[in-house]
Amino acid sequence: KGLAVIQEELHRMRMATKLRMTKRSDLLDDIARMPDFMVALRPHTVWEKTPVKLFCTVQGNPRPIVKWYKGGMPIDPPSTPGKYKIENKYGVHSLIISRYVAPSTPRDCSPTEFCFPFRSSVPHLTDIHPSKLEVSFLDRFPVSFGVEGSSVSLVCTMVVVPDLPNLPPHAQWYRDDKLLKPGKLVEMAVGGSAASLTLPHLAKDDEGLYTVRIFTKDGTTEHSAYLFVSDAPPSAAGAPGAPMSVKAYDINSDYVLVAWKPPNTVNEAPIAGYFVDRCEAGSDTWVQCNDAPVKVCKYPVHGLSVGRSYHFRVRAVNSAGISRPSRKSDKVTAIDAAENERLQVIKIEGKYDIVIKDDDLEGHVTIPGEPTDVHASEIYKSFVVLSWKPPSPRGRAPLWYVIDKVSGTGAWQRINTAVKLHSPRYPVYDLQDGQKYQFRVYSVNMHGSSEASAPSEPIQKVDQDGVPSAPGQVVATRNTKTSVFVQWEAPKHLKHLMGYYIDGRVVGSKDWFACNHKPFKHTRFVVHGLIPGESYVFRVQAVNVFGLSEESQESTPISVEPALATPSSPFGITLLSCDGSSMTLAWKSPKHCGGSKVNAYYISKRDADTLVWNEVNLTGVKERICTVDNLTEGTFYEFRVQAANMAGVGPPSSPSAPMKCVAWTAEVPGPAYDLSFSEVRSHSLVILWKAPVYTGASAVTGYFVDMAKKDSSEFVTLNEEALKHRYLQVSGLEEGQFYVFRVRAVNAKGVGKASQLSEPVCARALPGTKEIVAGVDEETGDIYLSLEACEICETSKFEWSKNYKPIGDCPRLAVTTKGRTSRLIFTNPDKDDLGRYSVVVTDTDGVSSSHTLTEDALNTMLELSHAIRNPIIPLKHGLNYEVLEKGHVRFWAQAVKLSPAVSYRFIVNDKEVTSGEGHKFSHDVATGIVQMTVDQFTRANEGTYTVQIHDGKAKAQSSLVLVGDVFKAALKEAEFQRKEHIRKQGAHFSEYLYFTVTEDCTVLLTCKVANVKKETTLHWYKEDDEIVPETPPNVMSGACALPLPLFSRKDQGVFKAVLGDDRGKDTSTIDISGASASDLVLQCTPEGIRLQCYMSYYTEEMKTVWKHKESKIASSEKMRIGGTAEMAWMQICDPSDKEKGHYTMEIFDGVTTHTRTFDLSGQGGQQVSSGWPYSFSLINRGRVVGGLPDVVTIMEEKSLSLTCTVWGEPTPEVTWFKNEQEVTCNEHTKVTFDGGKFASLVINKVTPDDSGKYSINVRNKYGGEFVEITVSVYKHGEQIPEFLWTSADPDLVHLNQRGLSVRL
């Protein structure tokens, strides 16, 4: 204890000594000293046009004023912007010459001389010039992106000392090193501690490197950033972008030469040519100058009016259409360019100027001289521009020109007979390819014509150069996390190069995108706006007046990552614990990792009284916490930390505050540490921390979290009760506001020391932030949580946590990462997996997200997972049977959809049958039908039939029980069809006997025969007695008749016709004795079931009575009674249990009452019909009773409700489908089934995407029904489809036969 007191006293004495020395140095600073060079200037020899930096160090008291001179003349940076820059930092004075240019005289080629007069007096401030202000930038404008037609502002905020409201700094703006001036297209402002440049009407001409240069007392300070301007949407799909940089050259009285730069064509068709338009200044009427597109980026415009001003613009043309027009050129006035050359200025006595025209010196000239130097100034395939020098003498009369041409040895021809040429330029278009021409020119005025000029050299219309060759090798290197540095070799043949276009493409994609939209002049370019972590390739094209060259070879793929460098210094060193001989330290990660992961930290220490640093660890520490041992108790220590990555060791951190090595004995906990943030959003974030190293007298039981706004000392405790865990979600934040946090640990003794303040965090989500998505893999059925990162780098990792604890190697979870997406897969999900899951993407600007997995969500995904892993093929119809001709029986089932890879098998009585003899299998993918045909259907085929269908992973199974009465009915029908087939092999009746009555009351017994031959005979019988008609029957006619004249009761009886030959016989009988009613039979119909009785004849006048359980039945919608000429029937619609029981039909023929009965109870009794079990299943099967339409047409943004009534016993299951895919409930679509009777599908605010084929499948154990509905959604403004309004409510539409009511 005494030693500690002595050490503290020694430290106090050292500090006091330092303070006295500091005061002494301050006293020395008050002593005046003459200016003196500590480091003088030295001579330099440099290359021309390279930057030069000159340095010197000066001392003196008071601070000397330094002025720079060149050749004895003071250097004034504002007078030569960008040329000189003067700086003064910590007594080191520097002069920077941006581009040194050697003087023209030999004497000045020696090194430039500078002299330094000094004045030791304090300067007296009398007048302040803007260049005398101290200016420092705060926020600088970044790389910006704009679109043609929009606007953009570039703003720099700054600190100005002194800040005088009436004296803003002097600022200059440059685009590609060219000084900009304010105007309609460029707006500048300086004031309010900001300098801004606004471009209100962007065009691709505005693309380039923008620089703001502020003049300060030490020279200038500047900042530069690139502005990219992309093409506006084209006027037609596939049309090219607009040309740019339209300018007029070689201006004459009726002629100008318009030139421009071609646009970049990335995915568009090549440019076929250009149209040039002109407009007189002050007018909005544009006139097209050329009828056919010109193929080069120059065009001579002729026929202008002298003295008028014009603007020009250009449009590009390709096979898809015409581009948007370029920005119009600056105004040009059509004047005689040679007029100024004919003026002479004479000074008299140095004061007066006398202007004399050459006309005054030529004397009286009537006929002008001939022109001279006739030549072609522009030669292209599209046109040739002739130029010549005006005549001398010229004369005062108005002058014009006449041109002749000649080809080979032919005669001279006049080419401008209809046009007077007033300028010495003329474009010629109608020259033939391959021909050489000569031209001569005459000068003409009112007095006559001059002699012809000397003929020009032979001129041929040809493109002399063509496009440049393709650029050489393209190399892309890392730059920042959103940009790549691209450089390439210049083309071997430049051919008047304008610049380059750079294109990029994401690796794996076929679509290229333009990196720049204005030709770039240098062979290196920084491509901005790329996606972090994505891989790209690049290509380059050279540009000249003829267009774009071939593309260069593609660069090698490169991932968008920051350039590799050492990490920045760590910071925030804090003491976590001390035991008197060791100290535990923690620190914060470097703000910049240098493009690779930080893999080690190195700690140094020193006594607070010394300057020598000692390394603590020779081997790098992986974690950001370290215990420094072998310390002396009571000594003050300072620490610093260095971070290392694969590029090397970065700079050391700032020394920590002096820390005293004294053992901690407090009962409360030490500080928490390593405060970090996750899931930062506009109004919320999650703060995490690590537990204190020093726990105090008892274990830590909780934490309090305090929050304050940045630069505020008013902290608010966020939790009333201590938190048990080491994280907290903070909500209610202000978007864009900065906050700081601290954490205090709690134990049984109280609240401990607060942690070090966190770094300020801004409540704003990263651009493009996405959240974790929970889902089920459609192929494997795996349940997963997935995050797609908005940014990523080469060293990034996805770190998943549950309840903010790393999941580690948990066998229940698996993590997969592909590109920018990571999945957390649940291998065996159950309730133990419920909780909050979070993921952090390392080496990014805080990409993170979380998701709470609830029990309801897990159950829903488990159901979907089971459905995917055990998929079911939806069936339109279960297994059914059908009796075919020849007595074959077809068993079939129909699926909603099948693929060509479908497989299936049939099982009969638990034994699989194969396709072969007696059984034939087939299927139809188009209809979804799978079928098996049994050739010989016998009593052995009674039993249970099952079909199993496999289509990929999906399965379906359907069974049919064919036993008892149902089987007997099927067997009876099969045997009947088999006999019918055999019968029809020989002569047979195609229509059995029936009777008609003629007008003379003769009854004709008629039949039709088929498959007869000459030997076939037909015999008539009555009660087995043959009847021989007067006229033998003619079987070859196909119809035979037996007349019974004067038919009476004595003629009643059973008549028979026998048809036969050597192939066999066929018999037909008819009973016209009066007792001709058959037994009641049951027939299933779409509306329900029908009881019917076949008769020889039936009329509605016959008295027919139907009874149910001895109660008479009246015809109604439920029970419909009717008949045809051959039967009486009763239809039972939508049968239910109430309709079961005993039915009786009584019919009176005038003499006798005939009775027929049918038992529809299914309980045995009188088994009049053997089809009852099958009919009972049809009665009770699931089906749609009513309410669904065939077609629905609805306007978008309306809500659609499809509602129908279903029935079945037991209650059926209802499933809705859209385009053969099952419909699930969500916010947009809702499926309900109320009371086992009403099924509804509601779609809120329909869109065109909701159009399609919908269907409902209603099914129970007896079978079901599949009903389809077509829904069509039309847009606002489209013609409303025609349908019938049947309601006074205009929003209620009845759409079809089934009575659907749709509320729109």
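The residues of the chain are indexed from 1 along the displayed sequence. The figures here come from the full heavy-atom set of this structure, side chains too, leaving out hydrogens, waters and symmetry mates.
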Asks: Do Phe967 and Tyr881 have ring centres separated by under 6.0 Å?
Replies: no
Asks: Is it the case that His923 and Tyr904 place a side-chain donor and acceptor less than 3.5 Å from each other?
Replies: yes
Asks: Among Ile1089, Leu1080, Ile1121, find the residue that satisfies the side-chain contact (heavy atoms from CB on, under 4.5 Å) test when tested with Met1130.
Replies: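 Going through the options one by one, the only one that passes is Ile1121.
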Asks: Mind checking whether Val1273 and Met1195 have side chains closer than 4.5 Å, heavy atoms only?
Replies: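 The answer is no; the side chains never approach within 4.5 Å.
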Asks: Determine, using ring centers only, whether His1108 and Tyr1143 are less than 6.0 Å apart.
Replies: yes
Asks: Which is it for Gln931 and Ser922 under the side-chain hydrogen bond (donor to acceptor under 3.5 Å, both in side chains) test, yes or no, and what are the steps along the way?
Replies: CA-CA 6 Å; Gln931 63 184 14; Ser922 63; 2.8 Å; yes
Asks: Could you note down all residue pairs passing salt bridge (charged side-chain N to carboxylate O under 4.0 Å, His left out) where residues 853-877 supplies at least one of them, sequence neighbours left out?
Replies: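 Listed once each, the pairs are Asp782-Arg869, Lys831-Glu855, Lys876-Glu1268.
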Asks: Would a line drawn from the ring center of Phe921 to the ring center of Phe906 be shorter than 6.0 Å?
Replies: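 Aromatic pair counts; centres sit under 6.0 Å.
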Asks: Using a strict cut-off of less than 4.0 Å between a Lys/Arg side-chain nitrogen and an Asp/Glu carboxylate oxygen, indicate whether Lys886 and Asp935 qualify as a salt bridge.
Replies: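 No, this pair does not count.
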Asks: Identify which one of Leu962, Val930, Val947, Val961 satisfies the side-chain contact (heavy atoms from CB on, under 4.5 Å) criterion when paired with Leu879.
Replies: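 In the set Leu962, Val930, Val947, Val961, the residue that makes a side-chain contact (heavy atoms from CB on, under 4.5 Å) with Leu879 is Val947.
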Asks: Any ion pair linking Lys1245 and Glu1197 (charged N to carboxylate O, less than 4.0 Å)?
Replies: no
Asks: Are more than 12 heavy atoms, taken from residues, nucleotides or ligands other than Glu885, located less than 6.0 Å from that residue's CD atom?
Replies: no
Asks: Indicate yes or no: does Glu980 engage Arg983 in a salt bridge with an N to O separation below 4.0 Å.
Replies: yes
Asks: Donor-acceptor pair, distance only, cut-off 3.5 Å: does the side chain of Asn909 make one with the backbone of Glu942?
Replies: yes
Asks: Asp777: what forms a salt bridge (Lys or Arg N to Asp or Glu O under 4.0 Å) with it, not counting sequence neighbours?
Replies: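 Asp777: salt bridge (Lys or Arg N to Asp or Glu O under 4.0 Å) contacts with Arg823.
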Asks: Could you tell me whether the side chain of His988 and the main chain of Gly986 form a donor-acceptor pair under 3.5 Å?
Replies: yes
Asks: Say whether Ser822 and Trp800, considering side chains only, have a donor N or O and an acceptor N or O under 3.5 Å apart.
Replies: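 Yes, Trp800 and Ser822 have a side-chain donor paired with an acceptor closer than 3.5 Å.
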Asks: With no hydrogens and no angle check, do the side chains of Gln957 and Gln948 hold a donor and an acceptor under 3.5 Å apart?
Replies: yes
Asks: Under 3.5 Å, is there a donor on one side chain and an acceptor on the other for Thr1215 and Asn1257?
Replies: no
Asks: Does this structure show an ion pair linking Glu1265 with Arg1183, if we count only N-O contacts that are shorter than 4.0 Å?
Replies: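 Not counted as a salt bridge, because no side-chain N and carboxylate O are separated by less than 4.0 Å.
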Asks: Got a salt bridge between Glu1213 and Arg1259, using NZ or NE/NH1/NH2 to carboxylate O under 4.0 Å?
Replies: no
